[in-house]
Amino acid sequence: MFQTSNALRRSVHSQVTDRVGSSIVRGEIGVGETLPPEMQICEMMDVSRTVVREAIRTLTGKGLIESRPKSGTRVRPPEQWNQLDPDVLRWHLETAEIDRYLAKLFQLRSAVEPAAAALAAVHAGESDIARIRAGCDGMDAATTNEDFVTADIAFHQSIYFATRNEFFWPIAQMFEITLRQSFTIAATGSHRPRALIEHRAVLDAIAAGDAEAARAATVVLLAHSADDLVRIRGREFETTSARPGRKRS
């Protein structure tokens, strides 16, 4: 319990938060179970009571736990966690089975990103389009996989910000964590020239203010991105959210 993750060393408070939070996400402390008493955590981690209390407050703010008088500090159900919180995302990535993680990520992107591109085509200003274009140009000019991935992430983030809809922005903000792993896998493939053409098609449609063309180009881009990952990893993973046997309306 409370193993140290591979994250960079931070303040003592951050380290305690990291160790307890990752233990919860790994399932070492189950939903409804209580955390050890404060003094026990202090002894286990060789930290002060003040540090433990700060960590508990931080984890409470992330939705992972709740404290009640006479019943202790208990783990809340995952549905109540702040799943877009950077630390929660990172803890999931450290423990997730990669194919299942990729499937969930593509489910989200397939549901939301075409709509984001369409909204960007309607609402993007010149500065928004310039940022999207910079991401695309950065991918084209990249000489290393790392540079390509960084530019690719910036491209997709810029589309979400260009919607001018703040409810889309948290998805863009989480991409720095969630997309880096899948993009790093995909960057090793031989499909880069085609991917650049498809990214440029999304950019051109947004710049032209053509919402339907932007939506359609994004659907194509995402479908091919999923196919590329399947080919690179050598196995299929489900990228739709429908349950087997359930009728689709």
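Computed from heavy atoms alone, side chains included, the values below leave out hydrogens, waters and symmetry copies. Numbering of residues begins at 1 and proceeds along the displayed sequence. Bear in mind the structure is a predicted one, so any value in this text is a computation, not a measurement.
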Query raised in the report: How about Thr73 and Leu59: do any of their side-chain heavy atoms sit closer than 4.5 Å?
Result: no
Report task. Look at the side chain of Arg76 and the backbone N and O of Ile65, then say whether any donor-acceptor pair between them is shorter than 3.5 Å. Result -> no
**Report entry** Ala211 versus Val122, closest heavy-atom pair with distance
**Finding:** CB-CG2, 4.0 Å
Query - Close side-chain approach of Arg109 and Pro114, heavy atoms under 4.5 Å - result: no
Query raised in the report: Any side-chain heavy atom of Ser71 sitting closer than 4.5 Å to one from Arg74?
Result: yes
**Report entry** Single-linkage hydrophobic cluster Phe175~Leu222, side-chain heavy atoms < 4.5 angstrom
**Finding:** no
Query raised in the report: What's the spacing between Asp204 CG and Cys136 SG if we round to 0.5 Å?
Result: 8.0 Å
Requested in this report: Evaluate salt bridge (charged side-chain N to carboxylate O under 4.0 Å, His left out) for Asp137 paired with Arg200, printing each intermediate quantity in order.
Outcome: CA-CA 9 Å; Asp137 291 345; Arg200 189 73 63 179; 3.0 Å; yes
Report task. For Pro193, enumerate each residue passing the side-chain contact (heavy atoms from CB on, under 4.5 Å) test, keeping only those at least two apart in sequence or located in another chain. Result -> none
Query raised in the report: Quick one: does Thr95's side chain have a donor or acceptor within less than 3.5 Å of a partner on His92's backbone?
Result: yes
Query raised in the report: Ile129 and Ala207: which non-hydrogen atoms are nearest, and at how many Å?
Result: CD1-CA, 3.8 Å
Query raised in the report: Would a 4.5 Å heavy-atom cut-off, applied to side chains only, mark Ser225 and Leu221 as touching?
Result: yes
**Report entry** Side-chain heavy atoms of Asp18 within contact of Asp87, under 4.5 Å
**Finding:** no
Query - Ala117 versus Thr218, closest heavy-atom pair with distance - result: CB-OG1, 3.2 Å
Report summary line: For Arg53, the salt bridge (charged side-chain N to carboxylate O under 4.0 Å, His left out) test, sequence neighbours excluded, returns Glu38
Query raised in the report: About how many Å separate CG of Leu35 and CD1 of Ile41, when rounded to the nearest 0.5 Å?
Result: 5.0 Å
Report summary line: So the side chain to side chain donor-acceptor pair (under 3.5 Å) pairs with at least one residue in residues 115-127 (sequence neighbours excluded) are none
Query raised in the report: For Arg131, what residues pass the salt bridge (charged side-chain N to carboxylate O under 4.0 Å, His left out) criterion, not counting sequence neighbours?
Result: Asp128
Report task. Decide yes or no on side-chain contact (heavy atoms from CB on, under 4.5 Å) for Met45 and Val20, but give the supporting numbers first. Result -> CA-CA 10 Å; Met45 301 188 182; Val20 177; 3.5 Å; yes
Query raised in the report: Among all residues two or more places apart in sequence or in another chain, which pass the side chain to side chain donor-acceptor pair (under 3.5 Å) test with Asn165?
Result: none
Query - Stepwise side-chain contact (heavy atoms from CB on, under 4.5 Å) test for Val75 and Leu64 - result: CA-CA 6 Å; Val75 176; Leu64 271 68; 5.9 Å; no
Report task. Is it possible for you to say whether Val219 and Leu102 belong to one hydrophobic cluster, with membership spreading through side-chain heavy-atom contacts below 4.5 Å? Result -> no
Query raised in the report: What distance separates Leu196 CG from Leu203 CG, expressed to the nearest 0.5 Å?
Result: 11.5 Å
Query raised in the report: Do you know which two heavy atoms are closest between Val16 and Ala55, and how far apart they sit?
Result: CG1-CB, 3.6 Å
Query - Ile56 side chain reached by Ser67 side chain, heavy atoms, under 4.5 Å - result: yes
Requested in this report: Check step by step if side-chain contact (heavy atoms from CB on, under 4.5 Å) holds for Glu66 and Thr60.
Outcome: CA-CA 6 Å; Glu66 60 181 355; Thr60 300; 5.7 Å; no
Report summary line: Closest non-hydrogen contact found for Glu97 with Arg100 is OE1-N, 2.9 Å
**Report entry** With sequence neighbours excluded, residues passing side chain to side chain donor-acceptor pair (under 3.5 Å) with Arg215
**Finding:** none
Query raised in the report: side-chain contact (heavy atoms from CB on, under 4.5 Å) between Met39 and Val52: does it pass, once the steps are laid out?
Result: CA-CA 9 Å; Met39 290 308 301; Val52 172; over 6 Å; no
Report task. Consider only side-chain N and O atoms of Ser14 and Thr17, and report whether a donor and an acceptor are under 3.5 Å apart. Result -> no
Query raised in the report: With sequence neighbours left out, what residues match Arg194 under side-chain contact (heavy atoms from CB on, under 4.5 Å)?
Result: His191, Glu198, His224, Asp228, Arg231
**Report entry** Within one Ile-Leu-Val-Met-Phe-Trp-Tyr cluster: Leu84 and Leu93, side-chain cutoff 4.5 Å
**Finding:** yes
Requested in this report: Under the side-chain contact (heavy atoms from CB on, under 4.5 Å) rule, collect the residues that match up with Val112, sequence neighbours excluded.
Outcome: Leu108, Tyr160, Phe168, Ile171
Query - Any donor-acceptor pair under 3.5 Å from Glu54 side chain to His13 backbone - result: no
Report task. Output all residues satisfying side chain to side chain donor-acceptor pair (under 3.5 Å) with Thr143, sequence neighbours left out; order by chain, then residue number. Result -> none
Query raised in the report: With sequence neighbours excluded, what pairs up with Gln173 under the side chain to side chain donor-acceptor pair (under 3.5 Å) test?
Result: none
Pairs of donor and acceptor atoms involving the side chains of residues 146-153, under 3.5 Å and at least two apart or interchain, shall be tabulated with distances.
unit_1: Asp147; atom_1: OD2; unit_2: Thr144; atom_2: OG1; d: 3.2
unit_1: Thr150; atom_1: OG1; unit_2: Glu146; atom_2: O; d: 3.0
unit_1: Asp152; atom_1: OD1; unit_2: His156; atom_2: NE2; d: 3.2
unit_1: Asp152; atom_1: OD1; unit_2: His199; atom_2: NE2; d: 3.0

Query raised in the report: Would a distance-only check, ignoring hydrogens and angles, find a side-chain to backbone donor-acceptor pair under 3.5 Å from Glu94 to Trp91?
Result: no
**Report entry** side-chain contact (heavy atoms from CB on, under 4.5 Å) against Pro86, all qualifying residues, sequence neighbours excluded
**Finding:** Ile177
